[in-house]
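Working notes, beginning with the structure itself.
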2 protein chains.
Amino acid sequence: MSKPKQVTIVEVAAAAGVSIATVSNVLNRGGIRSSKETIRKVELAAEQLGYRRNTMAAGLSRNKTFEIGLIVPGLTSYYGRLAEHLQIEAHQAGYHLSVFSSGGFDPAIERRNLEVLLQRRVDGLICHGLAMGMESTRAIVNSGTPLVLINGWGWPEDIAVGAVNLGFAEACRQSTKLLADRGCESLVYVGSKHSKVIDEQRRLGFEAGIEQLNRQIPHHIVDMKELDVEAFLQEEIAGQQQRVGIIAFDDHVALKLLSAANKLRIDIPERLQMISINNNYIAMHSYPGISSWDIPYTLQAQMAIHKLLHKFGHSVETGEEREFEVPLTFIERETTQLNDME
Amino acid sequence: MSKPKQVTIVEVAAAAGVSIATVSNVLNRGGIRSSKETIRKVELAAEQLGYRRNTMAAGLSRNKTFEIGLIVPGLTSYYGRLAEHLQIEAHQAGYHLSVFSSGGFDPAIERRNLEVLLQRRVDGLICHGLAMGMESTRAIVNSGTPLVLINGWGWPEDIAVGAVNLGFAEACRQSTKLLADRGCESLVYVGSKHSKVIDEQRRLGFEAGIEQLNRQIPHHIVDMKELDVEAFLQEEIAGQQQRVGIIAFDDHVALKLLSAANKLRIDIPERLQMISINNNYIAMHSYPGISSWDIPYTLQAQMAIHKLLHKFGHSVETGEEREFEVPLTFIERETTQLNDME
DNA sequence: CTGTTAGCGCGTTCAC
DNA sequence: GTGAACGCGCTAACAG
């Protein structure tokens, strides 16, 4: 069962009593160089017949699709919001964004999605943390399709026209300092190895933060995946008299820690302080509220889209650097606010 | 700056020393009716030249795009996961899914997305809870593109070929009963009017559940949007000696309630019991863990895709009913497990 | 089995 | 200002 035939400009032209070229002119460039009368007739005919322009034919003909492809590891939480904002920015520029999820860093799926997108001849590509490695990426992308990376540090110039990176390292560095200032006598970063590069950035920032402290301070790095949360907290906090500061990979990790702490009746923020990254719904509405680094999605999305538009020849502002760093904003909540500060 | 010219079958044909039709045959139907030798030559040439089939040209030519459009209100949490699963199912059937977010039930954006999708001549459409109303929907969709609704109750046959609906009503009905059985002497449904139809389903289920109880029981319905959570809990629970049962619209709403309850030191589940819908990360990892209704995403996605495939003529199993109801599964956690039951 | 040819729907010259 | 004609890259009949 094939699709019912759709209305084409041929039929509109016939109905309006003009040629197809005229119809194309009117319906395309808003009726430049056409008489008012003609415009009216054409628009009326198009309206009545229910004409809808065929994207494929148009794209084929002018070798431009006005489509941007996005590949993200998933569509939940952070990735989902990013996708939404990118879509908005793309629309605003007259493009539309096709969103593909690579099912959590699966190289095979990622590769297939990339292939699909290139076969559609998208004008540009935005990828979040490529999983498949740059050798094969290069082979695929060398079609001439501009690629912008999000959270891709140190990629060679010949594969990506630019990158928009979140300032995770800096956020973690400052968090370390802040927790130390708040009187934490032991610091730990609870990461998530699964998200390779972005976990690494956080770790680097944490280590840099430790280095910069004026004093020696016990610290270590653990991974949420291989962590018995309650046992960890028991040992880390309940056993000692000091105040411990935790930097959590993101709000999800933070929630787990927080729940365990609540269960163990650990006093927050007296005995345990915590900072997370993402500042999503969880951080805002958990108890106690989690101090967290907010992500400026709009700016991030704008930069990514603008880098592509710039490559397309549109005149838009875009950072000069190939790697643009988007700073996060600290939102303080109860997990770091000492009671006597209220 | 236009795109660099891409390799076409013409060039592959020349390189392989065959005609373009042969190339098309080999590269398309996996080499049916072609000699081994020819296949090898063509594949080699294609490989070396970096040929990549042009989806637009193919689609234009055969009047079929193998593309399915999805419109959801957003891309976070439930919607994001739904999109991911739909994408998987679509891929498995040889289609790909273009995901569009309508920015939280915005009729204008939804309409524009629909328009874009139809201009792309997608083979089918999946929409989650249409916002713009069926009059205008009908006008748009009457292009002959099959439409499957997700969580669309009671839509006329001429606009959608079917619907896949989650059993919210039933879940809420059973929740009501369960809470009553657990000794709750007062019940309240905390909804979210913003999500019209799915809120309504829950409400109906709640009311049905109340009706079916053997005894009279105080109950009412409130909306999270216009709720001072702490004041609400104070009045509802702290002031009385009875045990209160709450059914929350989803895990997000539940988290807010839970946090307030924790803050007020309300004993859960002795004084307050709670059941939510969605069973996402929050329900699983909050403290105490929230009893919640799990959504069978895979089944839901399969049904939706299969309804479309069926319409396309593929022979797949699909429920006979136009509206297929997907049942939720109850996952019990601490918010309803009385201590003496451990 | 392979090649020839006629579209698919639209954008874009050019003449008129 | 308008219309005829060609091309975009590919598929689908047919011929051979």
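Convention: sequence-line order gives letters A, B, ...; per-chain numbering from 1.
Look at CD1 on Ile9(A): it is 13 Å from P on dG3(D), rounded to the nearest Å. Going from atom CG of Asn63(B) over to atom C1' of dG9(D) covers 16 Å, rounded to whole Å. Nucleotide dC10(D) holds its P atom 9 Å from the CG atom of Leu27(B), rounded to whole Å. Rounded to whole Å, the distance from CZ on Arg62(A) to P on dG9(C) is 17 Å. Straight-line distance from the CD atom of Glu37(A) to the C1' atom of dT2(D): 15 Å, rounded to whole Å. Residue Lys64(B) contributes atom NZ, which lies 16 Å from atom C1' of dA12(D) at whole-angstrom precision.
For Glu47(A), the salt bridge (Lys or Arg N to Asp or Glu O under 4.0 Å) criterion is met by no residue, not counting sequence neighbours.
Neither OP1 nor OP2 of dC10(D) sits under 4.0 Å from any side-chain N or O of Ser24(B).
A distance below 6.0 Å separates the ring centres of Tyr78(B) and His128(B). Annotation: Phe66(B) is not in aromatic contact with His91(B) [ring centroid separation under 6.0 Å not met].
Using modelled atom types, one side-chain atom of Thr65(A) and one backbone atom of Arg121(A) make a donor-acceptor pair closer than 3.5 Å. A donor-acceptor pair under 3.5 Å is formed between the side chain of Ser35(B) and the backbone N or O of Thr38(B).
The CG atom of Leu70(B) lies 6.5 Å from the CG atom of Leu82(B); values are rounded to the nearest 0.5 Å.
Non-hydrogen atoms lying under 4.0 Å from DNA chain D are contributed by Leu60(A), Ser61(A), all within residues 49-61 of chain A.
A donor and an acceptor atom, one from each side chain of Ser102(B) and Asn113(B), are nowhere located under 3.5 Å apart.
A salt bridge between Arg112(B) and Glu115(B) is absent, with no side-chain N of the basic residue lying under 4.0 Å from a carboxylate O of the acidic one.
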Contact list (N/O, under 3.5 angstrom) for nucleotides 1-3 of chain C vs protein:
residue	atom	partner	partner atom	Å
dT2(C)	OP1	Ser35(B)	OG	2.9
dT2(C)	OP1	Thr38(B)	OG1	2.3
dT2(C)	OP2	Ser35(B)	N	3.0
dT2(C)	OP2	Thr38(B)	OG1	3.4
dG3(C)	OP2	Ser19(B)	N	2.9
dG3(C)	OP2	Ser19(B)	OG	3.3
dG3(C)	OP2	Thr22(B)	OG1	2.6

